[in-house]
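Right, one structure below, let's go through it.
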Amino acid sequence: MTAQWGDMDFETLCKTAKEMGYDGLEIMCCSHIDPKRAAEDMDYCNELKGTMEKYGLKTWALAAHIVGQCVGDKWDPRLDNFAPSELAGKPEEIRKWAVETMMYVPKAAKNMGVDVVTGFMGSPIWAYWYSFPQTTEEMIDAGYQEIVDLWTPIFDEFDKYGILFALEVHPTEIAFDYYTAERLLEEFDYRETLGFNFDPSHLLWQGVNPTIFLRDFIDRVYHVHMKDAAVTLDGRAGILGSFITFGDTARGWNFRSLGHGDVNFEEIIRELNQYGYDGPLSVEWEDSGMERIYGATEACEFVRGVDFKPSDVAFDKAIAND
C-alpha cells in the first residue's frame, strides 16, 4: 500500500519496494497515480506498468482512500489536506472534486488491469458515534441515506467497468465495526459492487474479533490489508487515545509493524484458506515507533512466513492397516 510512501516518486518507490522484497503495489490514487489521466491516457498507464515491470512488480488494486473520504465526509479543516490546495475551506467544491475524481477511478483501474479498488467512503455522522448530545435514530438514518445517495452513481460507474469497491472498515467511516458494516450492506441492498477491504488492526482495538468479522463477511472480502495493532491499556490511558500522538507509548493502543502487535494472523490465514480467498495480502505499513525501511522489509518477510497454503488432504487419510 503506497499511501504512507507518498514522499517518494513512483520509480523510487518501485525500486524501494523491490529491495524490501515485495511482489507489487497497491497504488494510491492522487499520490502515485492520477485517476483522471489514467482513465483517459493509456500511454500514461503503460508508463506506470513499465516502471513496475522494470523492478519485477505487479499491481492487483488501486487505493482511493483520500478521494473517497472527501465524498462522504462532513467537512472540517482536516479534510483540506486530502483535496487540492486551491479548494481549501470550500466544502461543496471539495465534495464536487471528490465525486468527479471517483468517477474516473473505475476506468483507471480497468486500464491498469485490476478489478478491485480499495478505499474510504467518509461519513456525515461519525461525530455522532457517542450518541451525546442526544442523537435520534432519524439522524443516523439520514446519514446512511446520504451515503447511499452520494455513492450510488459512483457504483454505477464501477459496474460499467466491472470493478469492485472494497471499503476499508475503519473509524471515521460510515462502516467502522461489525454492526455498522452489516448495516451498510443492507442500505445498499447487498449490491455486489460494494465489499470490504479487511484490515484487522482497526477492529482489534475496538474489541471486535477480526476472525469472526472475516468469517461472517467472507463473501464480501475483496481485498486484505495486513496490519497489526497492540492494545496497551495501563490504567491511565484510555482506549480512545487520549489525544496522544500515534507512536507515543503512553497511548492505550498503537498500530504496530506486522508481528509486533496483538493480531492473530495465523487464524486470519486459516480463515482465508478455508474460504478460498486468493486475492492479495497487502502490507499497509504503519508504526511510528519503528524505522520504516527496516519495518516494511521485516513485514514482507513476516507475511511470507505466515502465508501457508491450505492442505489438500485430510491429515488422517493415510492412516490404515494396509
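These figures come from a predicted structure and were not determined experimentally. Numbering starts at 1 and runs along the sequence shown. Both backbone and side-chain heavy atoms feed into the values below; hydrogens, waters and symmetry mates do not.
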Do you know which two heavy atoms are closest between G295 and S257, and how far apart they sit? O-OG, 3.4 Å
Can you list every ring pair (Phe, Tyr, Trp, His ring centres under 6.0 Å) pair that touches residues 17-51, not counting sequence neighbours? none
If a pair satisfies salt bridge (charged side-chain N to carboxylate O under 4.0 Å, His left out) and one of its residues is in residues 44-73, list it, with sequence neighbours excluded. E11-K54
Test V169 against F217 for side-chain contact (heavy atoms from CB on, under 4.5 Å), laying out the working first. CA-CA 12 Å; V169 177; F217 292 105; over 6 Å; no
Got a sec, which residues hit ring pair (Phe, Tyr, Trp, His ring centres under 6.0 Å) with F255, two or more places apart in sequence or on another chain? H202, F246, W253
For residues 224-245, the ring pair (Phe, Tyr, Trp, His ring centres under 6.0 Å) pairs (sequence neighbours left out) are H223-H225
Begin from the C-alpha positions of D156 and R191 and carry the test salt bridge (charged side-chain N to carboxylate O under 4.0 Å, His left out) through to its verdict. CA-CA 10 Å; D156 289 343; R191 182 172 183 165; 2.6 Å; yes
Where at least one partner belongs to residues 68-111, residue pairs that pass ring pair (Phe, Tyr, Trp, His ring centres under 6.0 Å), sequence neighbours excluded: none
With sequence neighbours excluded, residues passing ring pair (Phe, Tyr, Trp, His ring centres under 6.0 Å) with Y144: none
State which residues pass ring pair (Phe, Tyr, Trp, His ring centres under 6.0 Å) with Y222; sequence neighbours excluded, sorted by chain then number. none
Crowding at CD, E92 (>12 non-hydrogen neighbours, <6.0 Å): no
Would you say that I147 contacts E187 through its side chain, given a criterion of any heavy-atom pair below 4.5 Å between the two side chains? no
Pairing residues for D149 by the side chain to side chain donor-acceptor pair (under 3.5 Å) criterion, not counting sequence neighbours: Q145
How about E192: does its CD atom have over 12 heavy atoms from other parts shown lying under 6.0 Å from it? no
Across all chains, not counting sequence neighbours, the side chain to side chain donor-acceptor pair (under 3.5 Å) partners of R220 are none
Could I get the full list of ring pair (Phe, Tyr, Trp, His ring centres under 6.0 Å) partners for H260, not counting sequence neighbours? none
Within the 3.5 Å criterion, strictly below it, is a donor on D248 or T245 matched to an acceptor on the partner's side chain? no
Indicate yes or no: does K15 engage D9 in a salt bridge with an N to O separation below 4.0 Å. no
Going by ring pair (Phe, Tyr, Trp, His ring centres under 6.0 Å), name the pairs with one or both residues in residues 285-310, residues two or more places apart or in two chains. F265-F302
What do you reckon, are the aromatic ring centroids of W151 and F188 less than 6.0 Å apart? no
More than 12 heavy atoms of other residues, nucleotides or ligands under 6.0 Å from OH of Y130: is that the case? no
Show me the pairs that pass salt bridge (charged side-chain N to carboxylate O under 4.0 Å, His left out) and involve residues 281-294, at least two apart or across chains. D7-R292, K227-E284, K227-E286
Salt-bridge test for E100 and K96: reply yes if a basic N is under 4.0 Å from a carboxylate O, no otherwise. yes
For the residue pair W126 and F176, categorise the inter-ring angle as parallel (less than 30°), tilted (30 to 60°) or perpendicular (more than 60°). perpendicular
